[in-house]
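What's counted below: heavy atoms across the whole structure, side chains too, no hydrogens, waters or symmetry copies. Note that the structure is predicted; figures quoted are calculated from it, not measured. To find a chain, count down the sequence lines: A is the first, B the second, and so on, and within it residues start at 1.
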Protein chains: 2
Amino acid sequence: MSDSVTGRIRNAGLRVTRGRVAAIETLQALGGHRTVDEIARGLTGRGVKVARATVFNVLGDLATAGLVVIADAGPGPTRYEVATYDHHHFVCTICGSITDVPCAENGGQCIEPAVVDGTVSNVQVIYRGVCSSCEAGDT
Amino acid sequence: MSDSVTGRIRNAGLRVTRGRVAAIETLQALGGHRTVDEIARGLTGRGVKVARATVFNVLGDLATAGLVVIADAGPGPTRYEVATYDHHHFVCTICGSITDVPCAENGGQCIEPAVVDGTVSNVQVIYRGVCSSCEAGDT
DNA sequence: TGCTAAATTGGACTAAGTCCAAAGAAGCTC
DNA sequence: GAGCTTCTTTGGACTTAGTCCAATTTAGCA
């Protein structure tokens, strides 16, 4: 497990450092879509002491390397998640929860490539609405 | 022109105030996708003096009322634009420019309603890539 | 083991956004 | 059109998110 993390970091052409390994492990352990602050607290909880600036650095590097991805979910602090399969996000406008929405069932591109004046390399979709638990709790 | 702005505000059930009218007019005059700061400077340029907090308030209210919309374009300050037709955004990862991408040519829903655990009320798509002018200028 | 480039540190700084109590203005009623 | 009520604005303090930088430490190579 832990070995594969160091392997992935090395494969990405990055130096294997305590901070990077711990950041990925923490993000994996926490699961979901986490802010830099949550990750920093997670690191502290695991006994890994890292400077705030380092958490920003590390996550930025890992995101550039593709080991973690920025979970676009609209305004608010940037959220990161462990890079897995291609998916989008459903954001509840009431409780703010973010859930993954699988990208097209056929595994292909879920959105028609739009006609833009340039070259699209990445498409992100944010579904907004009310999640089932908020619907249930709504009076 | 100006009358229609006051009309729209009133129709939305909001009081017609100097700040609200000026904010919409300024956003219309500036065009595009503007940050609170740009709008505040635009207001100052027009001789309308408003507190920073008011600009945040006003834009928040107008957005809630649907008179302006938040132009989701990933990290960075929130950007607003005058509510027009349904469209998405193409963000250049080099120069940061944001261009509108019309929603499906047939005028209908451009994205399949995804299977989510709740009710989707709104879908926003962010296309990322390199705009044509950056492609041209790229050596 | 020693060297060098890369990563981390921590503290200062800027930008984005929120909060709140007091003052001011919109728009209804008579 | 005066008065009243309620909503809006004000401005300043505050919080949070993120950047910057020079000094220090560390990973990984020879």
Asks: To the closest 0.5 Å, what do you measure between CG (A:Leu14) and CG (A:Asp61)?
Replies: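 These two atoms lie 6.5 Å from each other.
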Asks: Please examine the side chains of B:His88 and B:Ile126, heavy atoms only from C-beta on, and report whether any two atoms are closer than 4.5 Å.
Replies: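 SC-SC contact between B:Ile126 and B:His88 ruled out.
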Asks: Quick check on the helix from C:dT1-D:dA30 to C:dC30-D:dG1: what's the angle between its two end axes, five base pairs per end, to the nearest 10°?
Replies: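 The two end axes of the helix from C:dT1-D:dA30 to C:dC30-D:dG1 meet at 40°.
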Asks: Between A:Val48 and A:Val58, is there a shared hydrophobic cluster once you connect ILVMFWY residues whose side-chain heavy atoms come closer than 4.5 Å?
Replies: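 Same cluster: A:Val48 reaches A:Val58 through Ile, Leu, Val, Met, Phe, Trp or Tyr contacts under 4.5 Å.
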Asks: Reading DNA chain D 5' to 3', which nucleotide is the first, and which the last, to come under 4.0 Å of any heavy atom in chain B?
Replies: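 Range of nucleotides within reach of chain B: D:dT6 to D:dG12.
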Asks: Within this structure, what is the CG-OH distance for the pair A:Leu27 and A:Tyr80, rounded to the nearest 0.5 Å?
Replies: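 These two atoms lie 10.0 Å from each other.
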Asks: Nearest 0.5 angstrom please: A:Arg52 CZ to A:Thr54 OG1, how far?
Replies: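 Answer for the CZ-OG1 pair, A:Arg52 versus A:Thr54, is 11.0 Å.
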Asks: Residues two or more places apart in sequence or in another chain: which of them pass salt bridge (Lys or Arg N to Asp or Glu O under 4.0 Å) with B:Glu81?
Replies: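 Per chain and number, B:Glu81 pairs via salt bridge (Lys or Arg N to Asp or Glu O under 4.0 Å) with no residue.
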Asks: What does B:Thr35 touch in the nucleic acid at a heavy-atom separation under 4.0 angstrom: a base, only the sugar-phosphate, or nothing?
Replies: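 Result for B:Thr35 = nothing.
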Asks: So with a 6.0 Å cut-off around CG of B:Asp117, is the heavy-atom count from everything else above 12?
Replies: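 Result for CG/B:Asp117: open.
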Asks: Is there a side-chain contact between A:Asp72 and B:Arg128 (heavy atoms, below 4.5 Å)?
Replies: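 Heavy-atom side-chain distance check passes, below 4.5 Å.
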Asks: At under 4.0 Å between heavy atoms, which parts of nucleotides 24-29 of chain C does protein reach? Answer with one letter per nucleotide, 5' to 3': B base, S sugar-phosphate only, - none.
Replies: -BBS--
Asks: Drop me the distance from B:Thr44's OG1 to B:Lys49's NZ, to the nearest 0.5 angstrom.
Replies: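 Interatomic distance, B:Thr44 OG1 to B:Lys49 NZ, rounded to 0.5 Å: 9.5 Å.
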Asks: In whole angstroms, how far is the P atom of C:dT9 from the CG atom of A:Asp61?
Replies: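 A:Asp61 atom CG is separated from C:dT9 atom P by 13 Å.
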Asks: To the nearest 0.5 Å, what is the distance between NE2 on A:His33 and CD1 on A:Ile98?
Replies: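 Going from the NE2 atom of A:His33 to the CD1 atom of A:Ile98 covers 6.0 Å.
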Asks: Can you pull out every ring pair (Phe, Tyr, Trp, His ring centres under 6.0 Å) where at least one residue sits in residues 49-68 of chain B? Sequence neighbours excluded, please.
Replies: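 Every candidate ring pair (Phe, Tyr, Trp, His ring centres under 6.0 Å) pair involving residues 49-68 of chain B fails, so no pair, neighbours aside, qualifies.
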Asks: Output the rounded distance in Å from CZ (B:Arg41) to C1' (C:dA16).
Replies: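 Value for this atom pair: 13 Å.
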Asks: How many angstroms lie between atom CD1 of A:Ile70 and atom CG of A:Leu59, to the nearest 0.5 angstrom?
Replies: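 The CD1 atom of A:Ile70 sits 9.0 Å away from the CG atom of A:Leu59.
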Asks: Within residues 43-59 of chain A, which residues have any heavy atom lying less than 4.0 Å from an atom of DNA chain D?
Replies: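 The stretch gives A:Arg52, A:Ala53, A:Phe56 as the residues lying under 4.0 Å from the strand, ordered by number.
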Asks: With a 4.5 Å heavy-atom cut-off, do A:Val101 and A:Val125 have their side chains touching?
Replies: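 Result no, sub-4.5 Å side-chain heavy-atom pair not found.
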